[in-house]
Amino acid sequence: MKKVFIVFCLSLLPFAFVYSQTETETVCKPNIENVFKVSDLKRKFDIVEDIYRQSRQKSSFLFSKNSVSLSELNYYFILIRGFPYFEQLKDSIPSVKPKELIKIEYMSEEEVNKYIEQLNYTPEEAYREYSNFIRNIKFEKETYLKCIDTELAKDEVSEYAKGILRYEFRSPSPSLIPPLITKLNFLKIFKEFILNDGELVLPSYLRVEVYLECGCKTPYLREFSHRYKVEN
């Protein structure tokens, strides 16, 4: 009878393992999605900061009156405010052919200022939202580390191994290719720089490249922790 009981218990082990694994994935899924939300908040901050930086220039590709730039400005406005800035953009703005780029017409200072005023969202506010979200994750550091390590252990089998995201925002330009990174590598970067090293925000793409290439960690290059104040 004892042997039968042991055999019965052993037969249940695979089911227990599957249940445990499923339970872990169920618990970790929201945490992993929160980590990826950090990427969205970083991009949002990068966009807002770039908008303000370019708004101070006399001639900026972003604030030029061509279909590419105005579409980008409209997309950024929707991202931040939830509704478009320009109505019927496709019908009212003609496309600019490559050979016509040398004849760019720029938005007036009044038009630029009106856009910024209607945007009503500053780099300081975007940074605060971004960094505070990271800080809240750190309050549950051990839980997040466990979930990330579980996913990293899967390596190429992970559902995030082939998923791609834009790590760093680049202003619209015909010659610039956005920096890309796999979602699995993003988890690795978040673990090492944010959870293990305690950095306030994500490292620059150059530091990411160096780390992924050789495991080396270079010092701060262009992070934002000293440019904006964060309320405690």
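All heavy atoms count here, side chains included; hydrogens, waters and symmetry mates do not.
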Per-pair distances, 0.1 Å, donor-acceptor, side chain in residues 184-191, under 3.5 Å, sequence neighbours excluded:
unit_1, atom_1, unit_2, atom_2, d
Asn185, ND2, Thr182, OG1, 3.3
Lys191, NZ, Asp149, OD1, 2.7

Pairing residues for Ser64 by the side chain to side chain donor-acceptor pair (under 3.5 Å) criterion, not counting sequence neighbours:
Asn66, Ser69

Rounding to 0.5 Å, atoms CZ (Arg53) and OG (Ser55) come to a distance of 9.5 Å

Within the supplied structure, the quantity of interest is the number of heavy atoms (other residues, nucleotides, ligands) at a distance under 6.0 Å from Lys37 NZ; does it exceed 12?
no

Carefully, step by step, assess Val201 and Tyr127 under the rule side-chain contact (heavy atoms from CB on, under 4.5 Å).
CA-CA 9 Å; Val201 292; Tyr127 180 80; 3.6 Å; yes

Let me confirm one number: the CG-NZ distance from Asn136 to Lys138, rounded to the nearest 0.5 Å.
11.0 Å

Please answer whether the main-chain N or O of Ile148 pairs with a side-chain N or O of Glu151 as donor and acceptor at a distance below 3.5 Å.
no

Could you give the distance from CG (Leu79) to CD (Glu72), rounded to the nearest 0.5 Å?
11.0 Å

Which residues share a side-chain contact (heavy atoms from CB on, under 4.5 Å) with Glu117, sequence neighbours left out:
none

Quick check on the hydrophobic clustering: are Leu145 and Ile32 connected, directly or via other members, by side-chain heavy-atom contacts under 4.5 Å?
yes

Gap between atom CD of Gln54 and atom CD1 of Ile116 - 0.5 Å precision
10.5 Å

Hits for side-chain contact (heavy atoms from CB on, under 4.5 Å) against Glu111, two or more places apart or cross-chain, chain-then-number order -> Lys65, Met107, Ser108

Please determine if Lys154 forms a cation-pi arrangement with Tyr160, meaning its NZ or CZ atom is less than 6.0 Å from the six-membered ring centre and no more than 45° off the ring axis.
no

Run Val35 and Ile194 through side-chain contact (heavy atoms from CB on, under 4.5 Å) and show every step you take.
CA-CA 10 Å; Val35 174; Ile194 301 298; over 6 Å; no

Shortest non-hydrogen separation from Pro179 to Glu168 and the atoms involved
CD-O, 3.2 Å

Can you check side-chain contact (heavy atoms from CB on, under 4.5 Å) on Phe86 and Leu70, steps first, answer last?
CA-CA 8 Å; Phe86 300 106; Leu70 294 180; 3.8 Å; yes

Heavy-atom nearest pair, Leu200 first then Ile134, reads O-CD1, 3.5 Å

Other residues, nucleotides and ligands only: do more than 12 of their heavy atoms fall within 6.0 Å of CD on Glu33?
yes

List the steps and the verdict of ring pair (Phe, Tyr, Trp, His ring centres under 6.0 Å) for Tyr121 and Phe45.
CA-CA 10 Å; Tyr121 192 65; Phe45 164 65; 9.7 Å; no

Under the rule for salt bridge (Lys or Arg N to Asp or Glu O under 4.0 Å), what residues qualify as partners of Glu159, not counting sequence neighbours?
Lys29

Start with the C-alpha gap between Tyr211 and Cys216, add the side-chain angles, then the distance that decides, and say whether side-chain contact (heavy atoms from CB on, under 4.5 Å) holds.
CA-CA 5 Å; Tyr211 179 74; Cys216 313; over 6 Å; no

Taking only residues two or more places apart in sequence, or in another chain, which ones meet Lys217 in a salt bridge (Lys or Arg N to Asp or Glu O under 4.0 Å)?
Glu192, Asp197

ILVMFWY cluster, Phe83 and Leu119 together (side-chain gap under 4.5 Å)
yes

Please name the pair of heavy atoms, one in Tyr167 and one in Pro203, separated by the smallest distance, quoted to 0.1 Å.
OH-O, 2.6 Å

Ile164: hydrophobic cluster co-members (side-chain, 4.5 Å):
Leu180

Tell me every residue that passes side chain to side chain donor-acceptor pair (under 3.5 Å) with Tyr75, counting only those two or more places apart in sequence or in another chain.
Arg43

Euclidean distance, Tyr130 OH relative to Leu41 CG, rounded to 0.5 Å
8.5 Å

For Tyr85, which residues count as a ring pair (Phe, Tyr, Trp, His ring centres under 6.0 Å) partner, sequence neighbours excluded?
Phe77, Tyr115

So is Lys183 actually on top of Phe36's ring, under 6.0 Å and inside 45° of the axis?
yes

What one should report as the nearest heavy-atom pair of Cys147 and Asn31 is SG-ND2, 3.6 Å

OG of Ser60 to CG of Asp50, rounded to nearest 0.5 Å, is 7.5 Å

Does atom CD of Glu109 have more than 12 heavy-atom neighbours from other groups under 6.0 Å away?
no

side-chain contact (heavy atoms from CB on, under 4.5 Å) against Asn34, all qualifying residues, sequence neighbours excluded:
Phe133, Ile137, Tyr144

Could I get the full list of salt bridge (Lys or Arg N to Asp or Glu O under 4.0 Å) partners for Lys44, not counting sequence neighbours?
Glu129

Of all residues at least two apart in sequence or in a different chain, which pass the side chain to side chain donor-acceptor pair (under 3.5 Å) check with Glu140?
none

Please tell me if the side chains of Leu62 and Ile51 come closer than 4.5 Å, counting only heavy atoms from C-beta onward.
yes

